[in-house]
Amino acid sequence: MASAVYPEHLDRVVAEGLETGDRLDESGLITVGALKFVGDGSLGTRTAATTAPYLDGERGAMNFELDRLVATITRAAGSGLASTVHAIGDIAVATALDAFALAGVPGRMEHAQLVAASDIPRFARLGIEASVQPQHAVDDRDLTDSLWASQTATPYPLRALNDAGANLLFGSDAPVSILDPWVQIAAAVARTDDDRAAWQPEQAVDARTALAASTGGGSADPQVIEPGAVADLAIIAVDPLAASAEQLRAMPVHATLLAGRVTHIS
């Protein structure tokens, strides 16, 4: 588990000489994470920064100006800290991409829930990982259709980002959505979790991509189990590449290993 660093704590972390990836406990399971910026708000609160207005005329707002993002990301990189930016609206996504480009370093973006067509290929070109939560697309489908009805950017563009070569990293944003990775995988593949038809099915990804995005290095770096490697493994009952959405959501887990140690047997 990586522990994020927020900008108000950057001076202390730099003074202590901590860098992204450094161990924070003897087991090595807790490490220093990235410097995290909360770039804008959220869809439900109508505070995500967007090009087109919400129904009430608001457009959300950025929490950081571009110049401050660039300067702080650059300083963090020089001190050995990676950076990640929470960006939900298309303005926030574009601003975060601009900041990484101007700083000249790769990074990560959290959420990327509304992305302009011209910004989708920039993720791969700039080396920006897309840390996304597929269940949000399912949970927010009605809000998106209502509050973002006038937006021209694409909401929850998983397939488009993957096709453009971006590295997808699936998570849950727990407790905002359920921690279970199989629920996230099912949402990415099926784009629905009830009896309604798939929502924007053209943005679904295949099971192999969803599985890779939920493990190791992400969709662009599928992990291979090799003899002698210290592995985090789950032994499951159903082949996830052939499972239905219902089977994925109810995936039985028979055993787990963490750093090569057995942590669960059912």
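Here the structure is a predicted model, which means the values were calculated and not measured.
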Between [X] and [Y], is there a donor-acceptor pair closer than 3.5 Å when you use the side chain of the first and the backbone of the second?
X	Y	result
Ser244	Gln247	yes
Gln151	Ala52	yes
Thr47	Gly60	no
Asp25	Ile30	yes
Asn167	Ser219	yes
Asp22	Glu19	yes
Asp40	Ala61	no
His86	Gly41	yes
Ser79	Leu81	no

Which pair of heavy atoms, one from [X] and one from [Y], lies closest together, and at what distance?
X	Y	answer
Ala190	Ala198	O-CB, 3.2 Å
Ala188	Ala210	CB-CB, 4.3 Å
Ser214	Ile185	OG-CG1, 3.3 Å
Ala186	Ala245	CB-O, 3.8 Å
Gly171	Pro134	O-CD, 4.0 Å
Pro121	Ala164	CA-CB, 4.1 Å

Do the side chains of [Y] and [X] get nearer than 4.5 Å, heavy atoms only?
X	Y	answer
Phe100	Ser83	yes
Ser131	Thr84	no
Gln203	Arg159	yes
Leu147	Leu43	yes
Met251	Val238	yes
Leu35	Tyr6	no
Leu18	Val5	no
Leu55	Ser146	yes

**Request:** For the pair Phe37 and Phe64, name the ring-plane relationship: parallel under 30°, tilted 30 to 60°, perpendicular over 60°.
**Result:** perpendicular
**Request:** Return the orientation label for the Trp199 and Tyr156 ring planes: parallel under 30°, perpendicular over 60°, tilted otherwise.
**Result:** perpendicular
Is [X] linked to [Y] within one hydrophobic cluster, defined over Ile, Leu, Val, Met, Phe, Trp and Tyr using a side-chain heavy-atom separation of less than 4.5 Å?
X	Y	result
Leu97	Leu66	no
Leu241	Val205	no
Leu168	Ile120	yes
Val38	Ile88	no
Phe123	Ile73	yes

**Request:** Check the pair Leu233, Thr256 against side-chain contact (heavy atoms from CB on, under 4.5 Å), reporting the backbone distance first and the verdict last.
**Result:** CA-CA 6 Å; Leu233 297 175; Thr256 59; over 6 Å; no
Check [Y] with [X], please: is the shortest side-chain N to carboxylate O separation under 4.0 Å?
X	Y	answer
Arg208	Asp206	no
Arg68	Glu65	no
Asp90	Arg59	no
Asp11	Arg75	yes

Starting at [atom1] of [X], measure out to [atom2] of [Y] and round the result to the nearest 0.5 Å.
X	Y	atom1	atom2	result
Asn63	Leu69	CG	CG	9.5 Å
Thr209	Leu211	OG1	CG	9.5 Å
Leu143	Trp148	CG	CH2	9.5 Å
Thr144	Leu114	OG1	CG	8.5 Å
Ile91	Asp119	CD1	CG	9.0 Å
Ile178	Arg249	CD1	CZ	11.0 Å

Is [X] atom [atom1] crowded by more than 12 heavy atoms from other residues, nucleotides or ligands, each under 6.0 Å away?
X	atom1	result
Arg141	CZ	yes
Ile265	CD1	no
Glu26	CD	no

**Asked** Are Thr192 and Asp194 linked by a side-chain donor-acceptor pair shorter than 3.5 Å?
**Response** yes
**Asked** Between Gln133 and Ser172, does any side-chain donor sit less than 3.5 Å from a side-chain acceptor?
**Response** no
**Prompt:** Yes or no on side-chain contact (heavy atoms from CB on, under 4.5 Å) for Leu158 and Val132, after CA distance, side-chain angles and deciding distance?
**Reply:** CA-CA 8 Å; Leu158 302 188; Val132 296; 3.7 Å; yes
**Message:** Between Val14 and Leu10, does the side-chain contact (heavy atoms from CB on, under 4.5 Å) criterion hold? Intermediate values first, please.
**Reply:** CA-CA 6 Å; Val14 171; Leu10 179 58; 3.7 Å; yes
**Request:** Take Gln135 and Asp173 through the test side-chain hydrogen bond (donor to acceptor under 3.5 Å, both in side chains) and record every step on the way to the result.
**Result:** CA-CA 10 Å; Gln135 184 65 25; Asp173 201 25; over 6 Å; no
**Message:** Using the rule given for side-chain hydrogen bond (donor to acceptor under 3.5 Å, both in side chains), can you reason through Ser177 versus Gln184, listing the C-alpha separation, both sets of side-chain angles and the distance that settles it, and then say yes or no?
**Reply:** CA-CA 9 Å; Ser177 71; Gln184 303 294 332; 3.1 Å; yes
**Request:** Could you please spell out the steps behind the side-chain contact (heavy atoms from CB on, under 4.5 Å) verdict for Ser3 and Val32?
**Result:** CA-CA 5 Å; Ser3 178; Val32 177; over 6 Å; no
